[in-house]
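Take a look at the structure below.
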Amino acid sequence: MKAVTAKIGLDGHYRGIKFVSRVLRDYGAEVVFLGFHKSASAVAQVAVDEDADLIALSFLSPDYMSHVKDLHEALKAMGGHDIVLILGGLVDPDDHEQLRTLGVDRVFGLETKASDLIDYLDSRTDRPETASTKET
Amino acid sequence: MPILAGLVGDLPFDWKAVTSGDRRALARAFTALESADLDVLSAIADRVFEHSVDVPTVGMTGPPGVGKSTLVGAVTTELRRRGATVGVLAVDPSSPRGGGALLGDRIRMANHAEDPGVYIRSFADRRVGGGLAPAVPLGAELLAVAGYDVVLIETVGVGQAELEVARTASTVVLVLAPNSGDGVQADKAGIMEVADIFVVNKADVGGAGQLERAIEHSMSSVPTEGASAWTPPVVRTVAVRGEGSAQLVDHVLEHRRALKGSGALVARRTEQARRWIEALVLEAALAEQRSKLEGELRESVREAAVEVATRKVSPYRAARRLHD
């Protein structure tokens, strides 16, 4: 599995995204870690170029909806609409439904444990495998 | 859809789209390269070599933390300024546990993510050793066919036995930084001998002059085979500010001219091809033996292990017996 992890926008709290990147790595994924202060279009382009199976974003600022919208549009335009998108951090439960319409497969809250993420990844094994996960 | 798959020549992506500059198709092609499926690799290689283009492939290698990624970013900026398109293959190590990897090289190349003239792909080395990932040699050829004018290859941070890039690149750049280990470390690795160009990065930090002298001293004691037309230059850079990247690109182009002029490029490509073929033959033999060990030999190995453990026979004799 290939994943892209990033923070979009000006929010610089990056403990969460680092944690998620490590959990993904230990799950056997090859994780392209982009760091923070990225634009939605840059994340989309990287995910397409890397032929990623998964994009994981973390938000601790309230402006996530517009960023997710931009990302969704950019992915569609680049032919990356099949890439699974997950979100973590401080997200209003009232927004979950709208996020779902923007292609977000799952939202993880602040209390998420590594095992929650692993259970989710296990449930998504319909995703195409990469050689790294096949070999082990 | 096996019938359709047959029509496109058994490739899990659109080859035409790759050669006409479609990034999505190119990305899919790289995933196929990473699949390690020999039939797929062979089918891709057939097409790649049919359309083969010889472009400069520049390997950037050096110890961890000397600024290789940042320098690749700076060199990319310089090449773009000169109008060339750039393909980048950046390799990071796979994690020793779990087989996953954290690939962080792109953080230092962020400016180029949305440039249509730059394609960057991150690889985990999948613990094959040598500082490269298995898909890189064919990946470099693929980028050339996809229309990129220059290919940059960034190796994992090298320790003392990582020379694989010399078997792929037409120019090898060894990046060092002050206080990142003295010349003896590089001498041990034998990387001094494969470098075509030396870079002293972080040249604004104290100790750059000392490192430069150490490199020159080390080079003067490297035995040269015959009358080599090329003396590796030492270039000072401050990659975070882009300083020295123009000189570095000049040296890369000059090195290529020198290689071509002396006929050494053909010789180098031939030597690299020889090693590539040998590696593939060895790989096939290894796969064959491995499948035997997991199949028909499995029981015999188990029995032999009991004999070895009880000191009835040595492991060497047991292995030879299984092999015969």
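Every heavy atom of this structure was used, including side-chain atoms; hydrogens, water molecules and symmetry mates were not. Order of the sequence lines fixes the chain letters, A, B, ..., with proteins taken first and strands second; residue numbering starts at 1 for each chain.
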Count the heavy atoms belonging to other residues, nucleotides or ligands that lie under 6.0 Å from [atom1] of [X], then report whether that count exceeds 12.
X: B:R82; atom1: CZ; result: yes
X: B:R167; atom1: CZ; result: yes
X: B:R24; atom1: CZ; result: yes
X: A:F36; atom1: CZ; result: yes
X: A:L10; atom1: CG; result: no
X: A:H13; atom1: NE2; result: no

Ion pair check, [X] and [Y], cut-off under 4.0 Å:
X: B:R97; Y: A:D26; value: yes
X: B:D92; Y: A:R25; value: no
X: A:D51; Y: B:R23; value: no

**OP:** Please flag which part of B:L102 lies under 4.5 Å from any non-hydrogen atom of chain A: side chain, backbone, both or neither.
**Re:** both
Which atom pair, heavy atoms only, marks the closest approach of [X] to [Y]?
X: A:K2; Y: B:S122; value: NZ-O, 2.6 Å
X: A:S41; Y: B:E114; value: OG-OE1, 2.7 Å
X: A:D49; Y: B:I120; value: CB-O, 4.1 Å

**OP:** Kindly indicate whether the side chain of B:L103, heavy atoms from C-beta on, has any atom under 4.5 Å from the side chain of A:F33.
**Re:**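 No, side chains not in contact.
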**OP:** Examine whether an atom of A:S39 lies under 4.5 Å from a heavy atom of chain B, and if so say whether it belongs to the side chain, the backbone or both; otherwise answer neither.
**Re:** side chain
**OP:** Start with the C-alpha distance between B:R121 and A:E50, add both sets of side-chain angles, then the distance that settles side chain to side chain contact (heavy atoms under 4.5 Å, CB included), and finish with yes or no.
**Re:** CA-CA 6 Å; B:R121 182 76 172 212; A:E50 297 280 356; 3.5 Å; yes
Subject >> Inter-residue atom distance A:E30.CD - B:E34.CD, 0.5 Å rounding >> reply: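 Separation between the atoms: 6.0 Å.
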**OP:** Mind ranking B:A110, B:P134, B:A101, B:G104 by heavy-atom pairs under 4.5 Å with chain A and telling me who comes out on top?
**Re:** B:A101
